[in-house]
Amino acid sequence: MRLRNIPGSREAIAASEFVISEEIMRDQKGHWDTVFMHAQPLYLEIGMGKGRFIMEMAAKYPDRNFIGIEKYSSVLIRALEKRQQQEDLTNLLFLRMEAEDLTDVFAPGEVAGIYLNFSDPWPKDRHAKRRLPGREFLARYDEILTPDGRVEFKTDNRELFDFALEEARISGWQLEGCTYDLHADEEMVRGNIMTEYEERFSSKGNPICKMIISRSKGV
Ligand code: SAH
(Lines give C-alpha, C1' and ligand atoms only; values in the text may rest on other atoms or scores of the structure.)
Protein backbone atom coordinates (compact mmCIF):
# COMPACT_ATOMS: atom_id res chain seq x y z
CA MET A 1 0.00 0.00 0.00
CA ARG A 2 1.46 3.33 -0.97
CA LEU A 3 -0.29 6.57 -0.20
CA ARG A 4 0.67 10.03 -1.22
CA ASN A 5 3.24 11.53 1.05
CA ILE A 6 1.28 13.06 3.89
CA PRO A 7 2.85 16.29 5.12
CA GLY A 8 3.68 16.16 8.80
CA SER A 9 3.36 12.39 9.15
CA ARG A 10 7.03 11.91 10.03
CA GLU A 11 6.79 14.59 12.70
CA ALA A 12 3.56 13.17 14.16
CA ILE A 13 5.11 9.70 14.27
CA ALA A 14 8.29 11.01 15.93
CA ALA A 15 6.23 12.77 18.60
CA SER A 16 3.96 9.80 19.38
CA GLU A 17 4.31 7.83 22.59
CA PHE A 18 2.93 4.81 20.70
CA VAL A 19 5.77 4.61 18.17
CA ILE A 20 9.26 3.53 19.23
CA SER A 21 11.70 5.67 17.30
CA GLU A 22 14.27 4.30 14.90
CA GLU A 23 17.09 5.67 17.03
CA ILE A 24 16.18 3.57 20.05
CA MET A 25 14.37 0.52 18.68
CA ARG A 26 17.61 -1.42 18.23
CA ASP A 27 18.50 -0.80 21.88
CA GLN A 28 15.32 -2.62 22.93
CA LYS A 29 16.48 -5.86 21.30
CA GLY A 30 16.06 -8.60 23.91
CA HIS A 31 14.28 -6.16 26.27
CA TRP A 32 10.89 -5.57 24.65
CA ASP A 33 9.26 -6.96 27.81
CA THR A 34 10.42 -3.89 29.72
CA VAL A 35 8.97 -1.46 27.19
CA PHE A 36 5.39 -2.61 27.75
CA MET A 37 3.33 -2.24 30.90
CA HIS A 38 3.35 -6.03 31.41
CA ALA A 39 5.90 -8.71 30.52
CA GLN A 40 3.88 -11.11 28.38
CA PRO A 41 4.20 -12.93 25.02
CA LEU A 42 4.96 -10.65 22.08
CA TYR A 43 3.21 -10.86 18.70
CA LEU A 44 4.07 -8.93 15.53
CA GLU A 45 2.09 -7.94 12.48
CA ILE A 46 4.50 -7.23 9.66
CA GLY A 47 3.07 -4.83 7.09
CA MET A 48 0.14 -3.77 9.25
CA GLY A 49 -1.11 -1.05 6.89
CA LYS A 50 -3.84 0.99 8.58
CA GLY A 51 -3.75 -1.20 11.67
CA ARG A 52 -7.28 -2.43 12.25
CA PHE A 53 -6.28 -6.07 12.70
CA ILE A 54 -3.60 -5.46 15.31
CA MET A 55 -5.72 -2.95 17.21
CA GLU A 56 -8.54 -5.49 17.48
CA MET A 57 -6.10 -8.24 18.44
CA ALA A 58 -4.62 -6.07 21.20
CA ALA A 59 -8.09 -5.33 22.57
CA LYS A 60 -9.10 -9.02 22.40
CA TYR A 61 -5.92 -10.40 23.98
CA PRO A 62 -4.85 -8.12 26.85
CA ASP A 63 -2.52 -10.87 28.11
CA ARG A 64 -0.30 -10.51 25.02
CA ASN A 65 1.85 -7.65 23.77
CA PHE A 66 1.62 -6.54 20.14
CA ILE A 67 3.87 -4.59 17.81
CA GLY A 68 2.63 -3.40 14.43
CA ILE A 69 5.39 -2.94 11.86
CA GLU A 70 4.96 -0.75 8.79
CA LYS A 71 7.59 0.70 6.51
CA TYR A 72 5.79 3.80 5.24
CA SER A 73 5.10 6.82 7.45
CA SER A 74 2.21 7.80 5.20
CA VAL A 75 0.48 4.49 6.05
CA LEU A 76 1.57 4.26 9.69
CA ILE A 77 0.02 7.66 10.36
CA ARG A 78 -3.41 6.17 9.57
CA ALA A 79 -2.89 3.41 12.14
CA LEU A 80 -1.65 5.97 14.62
CA GLU A 81 -4.80 8.07 14.22
CA LYS A 82 -6.86 5.01 15.22
CA ARG A 83 -4.44 4.14 18.03
CA GLN A 84 -4.84 7.58 19.56
CA GLN A 85 -8.56 6.91 20.01
CA GLN A 86 -7.78 3.84 22.13
CA GLU A 87 -5.22 5.20 24.54
CA ASP A 88 -6.25 2.68 27.19
CA LEU A 89 -4.56 -0.16 25.26
CA THR A 90 -1.27 -0.67 27.08
CA ASN A 91 -0.18 -3.68 25.02
CA LEU A 92 0.21 -2.17 21.55
CA LEU A 93 3.13 -0.29 20.00
CA PHE A 94 4.14 0.55 16.44
CA LEU A 95 7.48 0.53 14.65
CA ARG A 96 8.18 2.27 11.37
CA MET A 97 10.77 -0.03 9.92
CA GLU A 98 11.73 -2.26 7.01
CA ALA A 99 11.09 -5.89 7.91
CA GLU A 100 14.45 -6.92 6.45
CA ASP A 101 15.98 -5.49 9.64
CA LEU A 102 13.88 -7.64 12.03
CA THR A 103 16.84 -9.50 13.49
CA ASP A 104 18.49 -6.18 14.45
CA VAL A 105 15.44 -5.29 16.53
CA PHE A 106 14.29 -8.60 18.04
CA ALA A 107 16.47 -11.13 19.85
CA PRO A 108 16.39 -14.90 19.23
CA GLY A 109 13.22 -16.38 20.71
CA GLU A 110 11.76 -12.99 21.65
CA VAL A 111 8.62 -13.25 19.51
CA ALA A 112 5.71 -15.67 20.14
CA GLY A 113 3.92 -15.21 16.83
CA ILE A 114 3.99 -13.33 13.53
CA TYR A 115 1.04 -12.23 11.40
CA LEU A 116 1.35 -11.47 7.70
CA ASN A 117 -1.83 -10.09 6.20
CA PHE A 118 -2.20 -9.31 2.50
CA SER A 119 1.52 -8.89 1.98
CA ASP A 120 2.67 -7.22 -1.23
CA PRO A 121 2.90 -9.90 -4.00
CA TRP A 122 6.02 -8.59 -5.78
CA PRO A 123 5.05 -10.61 -8.90
CA LYS A 124 8.34 -10.20 -10.78
CA ASP A 125 10.82 -13.05 -10.23
CA ARG A 126 13.67 -10.66 -9.57
CA HIS A 127 11.71 -9.24 -6.60
CA ALA A 128 10.96 -12.62 -5.01
CA LYS A 129 13.32 -11.85 -2.11
CA ARG A 130 11.05 -9.00 -1.06
CA ARG A 131 8.01 -11.25 -0.53
CA LEU A 132 7.31 -11.41 3.20
CA PRO A 133 6.41 -15.14 3.20
CA GLY A 134 9.52 -16.04 1.15
CA ARG A 135 12.49 -18.11 2.34
CA GLU A 136 14.74 -15.14 3.20
CA PHE A 137 12.07 -13.76 5.52
CA LEU A 138 11.22 -17.22 6.93
CA ALA A 139 14.87 -17.48 8.00
CA ARG A 140 14.53 -14.15 9.85
CA TYR A 141 11.29 -15.29 11.51
CA ASP A 142 12.99 -18.56 12.46
CA GLU A 143 15.64 -16.57 14.30
CA ILE A 144 13.33 -14.37 16.37
CA LEU A 145 10.46 -16.79 17.11
CA THR A 146 10.11 -18.96 20.21
CA PRO A 147 10.52 -22.71 19.47
CA ASP A 148 6.75 -23.19 19.19
CA GLY A 149 6.14 -19.78 17.57
CA ARG A 150 3.85 -19.62 14.54
CA VAL A 151 3.51 -17.55 11.41
CA GLU A 152 -0.05 -16.92 10.20
CA PHE A 153 -0.47 -15.64 6.64
CA LYS A 154 -3.67 -14.47 4.92
CA THR A 155 -4.05 -13.31 1.32
CA ASP A 156 -6.49 -13.38 -1.59
CA ASN A 157 -3.56 -13.73 -4.00
CA ARG A 158 -3.48 -17.40 -4.93
CA GLU A 159 -0.08 -17.20 -6.63
CA LEU A 160 1.52 -15.62 -3.61
CA PHE A 161 -0.19 -18.15 -1.36
CA ASP A 162 1.06 -21.14 -3.39
CA PHE A 163 4.52 -19.58 -3.38
CA ALA A 164 4.32 -19.23 0.42
CA LEU A 165 3.29 -22.87 0.89
CA GLU A 166 6.22 -24.01 -1.24
CA GLU A 167 8.71 -21.72 0.51
CA ALA A 168 7.57 -22.99 3.92
CA ARG A 169 7.93 -26.60 2.76
CA ILE A 170 11.39 -26.04 1.31
CA SER A 171 12.46 -24.25 4.49
CA GLY A 172 11.35 -27.17 6.68
CA TRP A 173 8.34 -25.54 8.37
CA GLN A 174 5.31 -27.60 9.38
CA LEU A 175 1.88 -26.76 8.00
CA GLU A 176 -0.43 -26.49 11.01
CA GLY A 177 -3.45 -25.20 9.13
CA CYS A 178 -4.39 -24.32 5.56
CA THR A 179 -7.51 -23.15 3.75
CA TYR A 180 -8.23 -21.71 0.31
CA ASP A 181 -11.51 -20.20 1.48
CA LEU A 182 -11.15 -18.95 5.02
CA HIS A 183 -14.60 -17.43 5.35
CA ALA A 184 -16.20 -20.76 4.38
CA ASP A 185 -13.95 -22.81 6.69
CA GLU A 186 -15.85 -23.18 9.93
CA GLU A 187 -12.85 -24.19 11.99
CA MET A 188 -10.21 -21.80 10.67
CA VAL A 189 -12.49 -18.77 10.55
CA ARG A 190 -13.31 -19.01 14.25
CA GLY A 191 -12.15 -15.82 15.95
CA ASN A 192 -10.99 -14.36 12.63
CA ILE A 193 -10.32 -10.63 12.69
CA MET A 194 -10.71 -8.98 9.32
CA THR A 195 -8.05 -6.64 8.01
CA GLU A 196 -8.83 -3.61 5.84
CA TYR A 197 -7.64 -5.50 2.73
CA GLU A 198 -9.53 -8.63 3.70
CA GLU A 199 -12.77 -6.70 3.89
CA ARG A 200 -12.11 -4.99 0.58
CA PHE A 201 -11.16 -8.13 -1.35
CA SER A 202 -13.69 -10.51 0.18
CA SER A 203 -16.49 -8.02 -0.55
CA LYS A 204 -15.45 -8.28 -4.22
CA GLY A 205 -16.00 -12.03 -3.96
CA ASN A 206 -12.34 -13.10 -3.72
CA PRO A 207 -11.82 -16.14 -1.49
CA ILE A 208 -9.25 -15.59 1.26
CA CYS A 209 -6.44 -18.13 1.72
CA LYS A 210 -4.84 -18.70 5.10
CA MET A 211 -1.96 -20.82 6.33
CA ILE A 212 -0.45 -21.37 9.76
CA ILE A 213 3.11 -22.69 9.96
CA SER A 214 5.51 -23.59 12.74
CA ARG A 215 8.89 -25.28 13.15
CA SER A 216 7.88 -27.59 15.97
CA LYS A 217 7.05 -31.16 15.09
CA GLY A 218 3.80 -32.83 16.13
CA VAL A 219 2.12 -29.87 17.82
N1 SAH B 1 -2.05 -5.84 6.65
C2 SAH B 1 -2.86 -4.76 6.07
C3 SAH B 1 -2.13 -4.04 4.94
C4 SAH B 1 -1.77 -4.90 3.75
S5 SAH B 1 -0.86 -4.01 2.49
C6 SAH B 1 -4.19 -5.31 5.63
O7 SAH B 1 -4.32 -6.53 5.49
O8 SAH B 1 -5.12 -4.53 5.44
C9 SAH B 1 0.81 -4.50 2.88
C10 SAH B 1 1.48 -3.50 3.82
O11 SAH B 1 2.77 -4.01 4.14
C12 SAH B 1 1.73 -2.14 3.21
O13 SAH B 1 1.23 -1.15 4.08
C14 SAH B 1 3.23 -2.05 3.04
O15 SAH B 1 3.75 -0.74 3.15
C16 SAH B 1 3.73 -2.96 4.14
N17 SAH B 1 5.02 -3.59 3.86
C18 SAH B 1 5.35 -4.26 2.73
N19 SAH B 1 6.61 -4.71 2.77
C20 SAH B 1 7.10 -4.33 3.99
C21 SAH B 1 8.36 -4.50 4.62
N22 SAH B 1 9.35 -5.14 4.00
N23 SAH B 1 8.54 -3.99 5.85
C24 SAH B 1 7.54 -3.34 6.48
N25 SAH B 1 6.31 -3.14 5.92
C26 SAH B 1 6.10 -3.63 4.69
Side-chain angles (χ1 to χ4, degrees), residues 1-6 9-10 13 18-22 25-26 42-60 66-83 92-106 111 113-124 126-144 151-161 163-164 167 179 182-183 188-189 191-204 206-212:
M1 180 191 305
R2 210 185 257 271
L3 301 181
R4 273 175 303 120
N5 183 38
I6 297 175
S9 55
R10 276 184 182 269
I13 287 167
F18 302 125
V19 185
I20 304 298
S21 77
E22 281 167 79
M25 67 169 88
R26 283 175 173 73
L42 175 62
Y43 290 77
L44 311 179
E45 185 185 6
I46 303 177
M48 74 167 159
K50 296 181 186 171
R52 183 208 292 174
F53 173 83
I54 199 154
M55 293 252 317
E56 289 190 24
M57 288 292 283
K60 186 170 174 184
F66 291 88
I67 293 182
I69 291 174
E70 170 55 52
K71 79 174 156 183
Y72 292 115
S73 304
S74 54
V75 182
L76 180 59
I77 191 76
R78 297 299 181 217
L80 195 51
E81 284 163 5
K82 287 201 199 96
R83 175 72 180 91
L92 174 61
L93 291 171
F94 296 149
L95 296 179
R96 198 208 62 73
M97 66 173 276
E98 163 54 59
E100 283 178 14
D101 301 332
L102 276 179
T103 55
D104 298 336
V105 176
F106 300 97
V111 175
I114 293 176
Y115 297 98
L116 307 174
N117 293 317
F118 298 82
S119 307
D120 298 335
W122 293 107
K124 294 198 175 93
R126 70 172 191 277
H127 292 146
K129 282 189 177 151
R130 299 185 190 172
R131 297 175 195 152
L132 292 179
R135 67 189 71 181
E136 292 81 5
F137 277 99
L138 289 176
R140 297 180 180 110
Y141 309 152
D142 181 38
E143 194 172 325
I144 64 174
V151 176
E152 301 199 7
F153 172 49
K154 291 195 277 191
T155 183
D156 69 322
N157 185 315
R158 182 61 190 264
E159 275 178 25
L160 182 65
F161 190 70
F163 166 84
E167 293 291 286
T179 175
L182 176 62
H183 297 173
M188 284 196 67
V189 79
N192 184 51
I193 291 180
M194 296 258 257
T195 79
E196 282 90 350
Y197 273 48
E198 184 171 353
E199 186 159 296
R200 193 195 304 171
F201 294 128
S202 61
S203 71
K204 283 190 191 166
N206 300 4
I208 307 301
C209 303
K210 176 171 179 176
M211 67 186 222
I212 303 174

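Counting convention: from 1, in listed order, for ligands and their atoms alike.
Of all atoms in ligand 1, listed by their number and element, those nearer than 4.0 Å to a heavy atom of G49 are 3 (C), 13 (O). Close approach of ligand 1 to Y72 is summarised as follows: ligand atoms under 4.0 Å from at least one heavy atom of the residue are 15 (O). Proximity to F118 (heavy-atom distance under 4.0 Å) selects the following atoms of ligand 1: 4 (C), 5 (S), 7 (O), 9 (C). Of all atoms in ligand 1, numbered sequentially from 1 with element shown, those under 4.0 Å from a heavy atom of N117 are 1 (N), 2 (C), 4 (C), 7 (O). Near E196, meaning under 4.0 Å from one of its heavy atoms, ligand 1 places the atoms 8 (O). Ligand-side atoms of ligand 1 in range of T195: 6 (C), 7 (O), 8 (O), range being under 4.0 angstrom from any heavy atom. Numbered from 1 in the order shown, with element, the atoms of ligand 1 that lie under 4.0 Å from a heavy atom of A99 read 21 (C), 22 (N), 23 (N), 24 (C).
Side-chain N or O atoms of R131 include one that pairs as donor or acceptor with a backbone N or O of W122 at under 3.5 Å. Between the K82 side chain and the K50 main chain, a donor and an acceptor come within less than 3.5 Å of each other. Between the side chain of E159 and the backbone N or O of P123 there is no donor-acceptor pair closer than 3.5 Å.
Relative orientation of the Y115 and F53 rings is perpendicular, given thresholds of 30° and 60° on the angle between their planes.
The closest approach between E45 and ligand 1 falls below 4.0 Å for a heavy atom of the residue. For the ligand labelled ligand 1, residue E198 lies outside the 4.0 Å heavy-atom shell. Using a 4.0 Å cutoff on heavy atoms, I46 does not count as a contact of ligand 1. Ligand 1 has M97 within reach: a non-hydrogen atom of the residue lies less than 4.0 Å from it.
Between R140 and E143 no salt bridge is recorded (no basic side-chain N to carboxylate O distance below 4.0 Å). Taking a cutoff of 4.0 Å between a charged side-chain nitrogen and a carboxylate oxygen, R83 and E70 do not qualify as a salt bridge.
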